[in-house]
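Some notes on the structure that comes next.
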Amino acid sequence: MFQAVVRTASQLLQDLQRSLRRQRGSGHQTSAASSPSPPKYWPLERLLLTDSVSRTLFEEYATHRAELRGEEETGWVLLGLRGPREALVLATLPAGALRDASTAHVLFNSAAQALGSRIVRQADRRLAMIGVVHTHPGSLRHPTDGDYRGDSQWVKSLCERKALRGGEGIFGIGTADGELTADPTVAHQPRPHVQCLGELRFSWYALGQDDAGYRPVPVELTLGPDLARPLHDVWEVIEIHADRLDRLYRQQAGVIFQVVSGSRGPRLAVNVSVAEPDTVVRVLLDEKEVRYYLDRGGEWLAAGFSEDRVDRGVYLLLADLAAQQ
Amino acid sequence: MDFRPLNDTERRQLIHALRGNAESDRAILMDRRDTSFAGTAEEVPDEEVILAIRSVPCHY
């Protein structure tokens, strides 16, 4: 099938080249609409959150506040699409239980978030860094001076390396000082850059590399997914195995991650393609154990060894397969 | 195998994608379920996203 697509594509490319040659010969100019050019960005005019992303932020902030570490700051990295004048957030990567945090600071577990980004970008490689949300335990609805020092340097550094589309980052601040309304189960926006649900509030700002301060950015909702939400159910597993899974992903072609249901709840599945047709090495991970299987055409064979270091376990299994050839 | 000619819209989109790939290095997307053409996009390299995530500063 793919060969057929390639043949079709090759034919189309030849047609296209002939067409271009004809156009050049006749002095005809290709219209702007049919000729893609590098994307042009203007300052952000609005932030678009999908309804699922917004739910994730409010729900997980509420859950966080009810936990033992609820007084600490927490947060999320936001991935999405940067358009010419707006940013659309499509995925949230949580700070994680292994974050470094107190009532006055939070440093995300970036190893887990990096792996999370690889997993969520398997489905859509357009997803880029949009920004960061973090919470304040009090009622400070604006980033602090310390936030500005770090964020402005971060934005500048990413812009210099061309790693922040549009040259602006989005920064959200979560606080728990929202005004009580008649119906605390329905969100409202007292100001264009503020979302409130019950006592929880998110205030949204943008910061460019040369900006002297943050500027409020209007936020709007649209229907859509939080592409990373299924991963949140196995985030503890991702945190435990982040470094080894990341190494495996970088070293081994054909690694695919999935979240699957198991008898003890959701598990992270890692599928590694091997040379034999219809054969896949499958690893199932939960908080307690790592299990290895060989899937031969749908028949699952359990590996007879125990290895918590998942990259080592996969290579042991691959070595065993090689020895059988 | 199911082969069928592309309709006008699909043909136009594929030509647009090929032109973007040839002129601007834009990715051509393939549906991983059936290998069909799934549009075009500006693909963001892993390194760009990972660099941004790993360098998020401490917040206060």
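Just so it is clear: chains get the letters A, B, ... in the order the sequence lines come, proteins before strands, and each one is counted from 1. Remember, predicted model here, so these are calculated numbers, not experimental data.
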Tell me the closest heavy-atom pair linking A:Leu127 and B:Val44, and the distance in Å. O-CB, 3.9 Å
Considering all heavy atoms, the nearest A:Arg165-B:Pro45 contact: NH2-CD, 3.9 Å
Over all atoms of both residues, closest heavy-atom pair of B:Tyr60 and A:His136: O-NE2, 2.7 Å
Contacts of A:Asp243 that satisfy side-chain hydrogen bond (donor to acceptor under 3.5 Å, both in side chains) - sequence neighbours left out: none
Looking only at heavy atoms, which two atoms of B:Ala52 and A:Ala163 are closest? And how far apart? CB-O, 4.4 Å
A:Asp100, A:Val106, A:Leu107 screened by side-chain contact (heavy atoms from CB on, under 4.5 Å) with B:Cys58, the one that passes: A:Leu107
Counting only non-hydrogen atoms closer than 4.5 Å, can you tell me which residues of residues 145-160 of chain A sit against chain B? A:Gly146, A:Asp147, A:Gly150, A:Asp151, A:Trp154, A:Leu158
Identify which of A:Met129, A:Arg121, A:Gln113 forms the greatest number of heavy-atom pairs closer than 4.5 Å to chain B. A:Arg121
Which atom names give the shortest non-hydrogen contact between B:Glu48 and A:Lys162, and what distance separates them? OE1-O, 3.7 Å
CA sep, side-chain torsions, deciding dist, call: A:Arg118, B:Ile50, side chain to side chain contact (heavy atoms under 4.5 Å, CB included): CA-CA 8 Å; A:Arg118 289 195 195 278; B:Ile50 300 292; 4.1 Å; yes
Is it the side chain or the backbone of A:Ala101 that comes within 4.5 Å of chain B heavy atoms, both, or neither? neither
Using non-hydrogen atoms only, which part of A:Leu81 is less than 4.5 Å away from chain B: side chain, backbone, both, or neither? neither
Decide if atom CZ of A:Arg161 counts as having more than 12 heavy atoms of other residues, nucleotides or ligands within a radius under 6.0 Å. no
For each of A:Arg125, A:His134, A:Glu73, tally heavy-atom pairs with chain B at distances under 4.5 Å, and name the one with the top tally. A:Arg125
Residue pair A:Ala128 / B:Val49: nearest heavy atoms and the distance that separates them: CA-CG2, 4.2 Å
